[in-house]
Amino acid sequence: MCRHAAWLGPSRALSSLIFDPECGLLRQSYAPRMQAYGKVNADGFGVGWYDPYRPEPVRYRRSVPIWTDANLPGLAEVARSSCLMAAVRSATVGMPIEETATAPFTDGRWLLSHNGRVDREALRPLASDPESACDSAWLASAVFARLRTGIPLAEAAPLVVREVGKADPVARLNLLVCGGTEIAAIAWGDTLFAHLDEGVLVASEPLDDRPGWQAVPDRNLLLASPDGVLITPID
Ligand code: GLN
């Protein structure tokens with residue numbers, strides 16, 4: 001499983017997800033503490049954030065280990081936003097290692113990351129023009145296709161997961177989707193945690209040992225918006 005994290009709240013630097021916390025995504029790329037599938041996340045990384053200068057998020061992703069990008073620490077220090085996402089990847093066996101297979105995937109104002117594995121046959125009826133043969137790219141295209149029809153995020157993400165979960169009962173479908181002012185995160189087969197203070201931090205596993213990290217139960221959807229955080233069962 002890959003690892004991902006997101007923030008919604010007062011403006012913060014991207015480094016708050018990666019480099020600043022003791023167990024941020026940099027550390028999780030080589031020493032994750034709760035990862036059940038895969039040992040290191042060295043097959044790529046990506047970040048995304050929202051800037052008032054453009055309607056779409058800024059996305060930067062590469063197919064190399066996050067610790068090899070010497071330009072990232074400086075970039076992550078100045079990239080500040082009220083909505084941030086970062087992900088590190090451990091490619092599933094058989095999946096290509098390439099930039100287009102790396103989260104965050106993006107479409108319009110959406111950023112999406114996936115921790116898990118899913119049979120692409122289960123996605124065939126839903127996927128729409130994926131950018132890579134990677135299962136996560138197929139899953140992203142399926143969610144984006146639904147969002148494009150105007151289905152709200154709170155419905156589109158669980159709708160796809162429920163449908164794909166039926167077609168592939170052993171699929172692991174932890175999804176993280178950001179829209180700039182909202183976050184949807186699904187626990188479906190892997191760990192998911194949230195930490196609330198002046199905003200909400202969502203992550204595959206805690207970024208530090210502060211008290212207050214809360215585990216999101218499996219098959220639950222976490223929705224974060226300026227109105228607060230809601231955790232509800234999916235089926
Ligand atoms: N299956 C996805 C990939 O190959 C996600 C992998 C993961 O969560 N480790 O990128």
Side-chain angles (χ1 to χ4, degrees), residues 1-6 17-18 23-48 59-69 85-107 110-124 126-127 129-144 157 160-161 163-165 167-178 184-193 202-207 215-216 218-219 222:
M1 292 273 184
C2 314
R3 306 277 86 179
H4 53 211
L17 299 179
I18 304 166
C23 298
L25 289 190
L26 172 67
R27 173 85 176 270
Q28 290 186 24
S29 70
Y30 59 83
R33 296 187 291 179
M34 294 186 175
Q35 194 159 324
Y37 302 86
K39 289 205 175 352
V40 290
N41 297 291
D43 297 320
F45 72 92
V47 295
R59 188 265 309 272
Y60 176 73
R61 60 180 176 171
R62 297 192 62 201
S63 57
V64 298
I66 195 168
W67 64 80
T68 66
D69 189 326
M85 181 190 279
V88 288
R89 178 172 185 229
S90 165
T92 298
V93 174
M95 297 298 143
I97 298 179
E98 58 193 13
E99 208 173 284
T100 48
T102 310
F105 303 94
T106 188
D107 185 82
W110 306 108
L111 289 168
L112 183 149
S113 173
H114 168 225
N115 286 176
R117 188 218 58 86
V118 50
D119 184 349
R120 280 167 295 185
E121 282 314 308
L123 277 160
R124 202 173 285 283
L126 298 174
D129 201 17
E131 63 176 323
S132 162
C134 178
D135 57 351
S136 303
W138 285 47
L139 186 59
S141 78
V143 175
F144 291 151
V160 170
V161 166
E163 193 114 343
V164 174
D168 177 3
V170 296
R172 301 188 305 273
L173 296 162
N174 277 46
L175 266 189
L176 179 61
V177 190
C178 290
I186 289 176
W188 189 286
D190 194 11
T191 56
L192 180 69
F193 284 81
V202 184
S204 313
E205 59 181 65
L207 302 181
V216 177
D218 198 47
R219 304 209 167 190
L222 176 149

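We count ligands from 1, going down the list as the structure has it; atoms in each ligand are counted the same way.
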Original post:
Is Thr92 in polar range of ligand 1, meaning some N or O pair under 3.5 Å apart?
Top reply: yes
Subject >> Flag side-chain contact, heavy atom, 4.5 Å: Ser132 against Pro96 >> reply: yes
Original post:
Does Arg117, backbone or side chain, put an N or O under 3.5 Å from an N or O of ligand 1?
Top reply: no
**OP:** Output the list of atoms in ligand 1 that are nearer than 4.0 Å to some heavy atom of Ala91, sorted by atom number.
**Re:** 4 (O)
Subject >> For Asp135, the ligand 1 atoms whose distance to one of its heavy atoms is below 4.0 Å >> reply: 1 (N), 2 (C), 3 (C), 4 (O)
Original post:
Has Ser90 got any heavy atom lying under 4.0 angstrom from an atom of ligand 1?
Top reply: yes
Original post:
Under a 4.0 Å heavy-atom limit, does Cys134 contact ligand 1 with its side chain, its backbone, both, or neither?
Top reply: side chain
Original post:
Out of Ile97, Thr92, Val93, which one pairs with Met95 under the side-chain contact (heavy atoms from CB on, under 4.5 Å) rule?
Top reply: Thr92
Subject >> Sub-4.5 Å side-chain heavy-atom contact between Asp69 and Phe45 >> reply: yes
**OP:** May I ask you to list the atoms of ligand 1 that are less than 4.0 angstrom from any heavy atom of Asn115?
**Re:** 8 (O)
Original post:
Does any N or O atom in Gly116 lie less than 3.5 angstrom from one in ligand 1, N or O only?
Top reply: yes
Original post:
Does the side chain of Gln35 come within less than 4.5 Å of Asn41's, by heavy atoms?
Top reply: yes
**OP:** Going by heavy-atom distance to atom 7 (C) of ligand 1, choose the closest among Ser204, Cys2, Ser136.
**Re:** Cys2
Subject >> Where ligand 1 meets Arg89 - atom numbers and elements under 4.0 angstrom, heavy-atom basis >> reply: 3 (C), 4 (O), 10 (O)
**OP:** Tell me which part of Arg172 gets within contact of ligand 1: side chain, backbone, both or neither, using heavy atoms under 4.0 Å.
**Re:** neither
Original post:
Can you list the ligand 1 atoms lying under 4.0 Å from a non-hydrogen atom of Met95?
Top reply: 4 (O)
Subject >> Note, Leu175 side chain near Trp188 side chain (heavy atom, < 4.5 Å) >> reply: no
Subject >> salt_bridge(Arg172, Asp135) N-O dist < 4.0 Å >> reply: no
**OP:** Please report the shortest heavy-atom distance between Leu192 and Ala185, naming the atom on each side.
**Re:** CD2-CB, 3.8 Å
Original post:
Sequence neighbours excluded, which residues qualify as salt bridge (Lys or Arg N to Asp or Glu O under 4.0 Å) partners of Arg61?
Top reply: Glu131
